[in-house]
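Comments concern the structure below.
Within every chain, numbering begins at 1; the chains are lettered A, B, ... in the order of the sequence lines, protein sequences first and strands thereafter.
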2 protein chains.
Amino acid sequence: MTRAKPKTRIQQKNSEAILDAALEVFSQAGFRGATLDQIADRAGLSKPNLLYYFSSKEAIHAELIAGLLKVWLDPLRALDSGGDPVAEILGYVRRKLELSRDFPRESRLFANEVLQGAPRIDGALQGELKPLVDDKAAVIAAWVAEGRLAPVDPYHLIFSIWATTQHYADFDVQVRAVLGPGHDPFAEAGDFLETLYRRMLAI
Amino acid sequence: MTRAKPKTRIQQKNSEAILDAALEVFSQAGFRGATLDQIADRAGLSKPNLLYYFSSKEAIHAELIAGLLKVWLDPLRALDSGGDPVAEILGYVRRKLELSRDFPRESRLFANEVLQGAPRIDGALQGELKPLVDDKAAVIAAWVAEGRLAPVDPYHLIFSIWATTQHYADFDVQVRAVLGPGHDPFAEAGDFLETLYRRMLAI
DNA sequence: AGTTTCCTTGACCTCGGGGTCAAAATTCAT
DNA sequence: ATGAATTTTGACCCCGAGGTCAAGGAAACT
């Protein structure tokens, strides 16, 4: 298990350094590809010292994943059934894209995990993600039924938003290789996606 | 280097078995996560026997990647500047989605690679992918200029097609977890994406 | 059949990586 | 200042994984 809440200043500081380093390494190499030595290095600690703060490699990973899910789902939670349908969905797209821009490591960590069959987060997908998506899909379906949105499958709409926004974090090197220098992928993506979903959803 | 073209029946058979097994394992575990023992097991060979056919783990991976790129880019190559703009792009979407459905392991292999910074295919991205995309982006831009497509950034249009179609292969477990049983993700995705891009691109 | 070439394997080598431990260094409380 | 608690480290253990090698078994050719 992970140790209890950090109490001392040193624990606070080192735990944070470890988690940050681990995020960097895990997101770039995947769970098996990451090594404790790399993480310890990046955190500026010796390996045994690192294991003084976290009992195992799995424990570090688990803590990262746990912290991740909350942040990751917040933008969808914020989708408000009382708001204007198109504006709400465009707002969701914008927030999700900002997340990709500001937290690409978290996005890649998640992608790595799901790509490999989600062995460590399968429970969370069923237990947290699905109910939330069901809830918001119902909201969107209601908007469609009321004629306030163009007809659309709400689940696949949400999938497409995930796909298009996370793409800019997860496939960053590819995007930049194709665009070449002198581009701001996220800024351009913001415009493009707003157009895409506006045309898709407008009545 | 990889050995020359297989000549004998046995070489043919075993090379194929190895590459198929390796595709399975690499796509599910990533390069570092995959082990030669796993691959040998799946291929029904001993590890030394496997290394009789391929000189190293890297060699197997390199051969897979090389074979992948061609298949992966073919649908985009087929985009015909002489055809009807919307139909051409919808056709590209359809072919790309079929690729995700029929070759999900290849999709995940590619995703794993790019996610981890494309260390082994950086050259191919610059040397093969970019020129092709530049070419097709120019075609799309011309269609827009002629007023035969709604105004759109061709590069980000292509990115969004990659993202939305590959999502169903790469994030398969997530898609299925959210949809629950009794769904055919790819069939539904086909309908959804056709609607999405039709509304996006129609004049 | 005999021989050459190809295929397969068991045993082995090495090293990287997760994890342990006891002792040293440091911090903290009084 | 001094003893207790916390933090840090060097040395070590062990296993899994990539890769080698020499020799045994099959095909194939004549």
Classify the angle between the aromatic ring planes of B/Trp72 and B/Phe110 as parallel (below 30°), tilted (30 to 60°) or perpendicular (above 60°).
-> tilted
Parallel, tilted or perpendicular: which fits the ring planes of A/Phe31 and A/His61, with parallel below 30° and perpendicular above 60°?
-> perpendicular
Using atom [atom1] of [X] as one end and atom [atom2] of [N] as the other, report the distance to the nearest whole Å.
X	N	atom1	atom2	answer
A/Asp37	C/dG16	CG	P	10 Å
A/Arg9	D/dA5	CZ	P	22 Å
A/Lys47	D/dC12	NZ	C1'	11 Å

From D/dT20, C/dG19, D/dG18, nucleotide with atom closest to A/Leu51 side chain |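 Ranking D/dT20, C/dG19, D/dG18 by closest atom to the A/Leu51 side chain puts C/dG19 first.
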B/Pro48 has a side chain; which of D/dC21, C/dT8, D/dT7 sits nearest to it?
->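 Closest nucleotide to the B/Pro48 side chain: D/dC21.
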Between [N] and [X], is there an OP1 or OP2 to side-chain N/O distance shorter than 4.0 Å?
X	N	value
B/Asn49	C/dC7	no
A/Gln11	D/dT6	no
B/Tyr52	C/dT8	no
B/Asn14	C/dT8	yes
A/Tyr53	D/dT8	yes
B/Arg32	C/dG17	yes

How many angstroms lie between atom CG of A/Leu69 and atom CD1 of A/Ile65, to the nearest 0.5 angstrom?
->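 Between atom CG of A/Leu69 and atom CD1 of A/Ile65 there are 6.5 Å.
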Identify, between B/Ser56 and B/Ile10, the residue whose nearest nucleotide on DNA chain D lies closer to the 5' end.
->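 Mapping each residue to its closest nucleotide by heavy atoms, the 5'-most match is B/Ser56.
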Any donor and acceptor pair, going by atom type alone, linking the side chain of A/Ser15 with main-chain N or O of A/Gln12 inside 3.5 Å?
-> no
Quick one: label A/Ala34 by what it contacts on the DNA or RNA (base, sugar-phosphate, nothing), any heavy atom closer than 4.0 Å.
-> sugar-phosphate
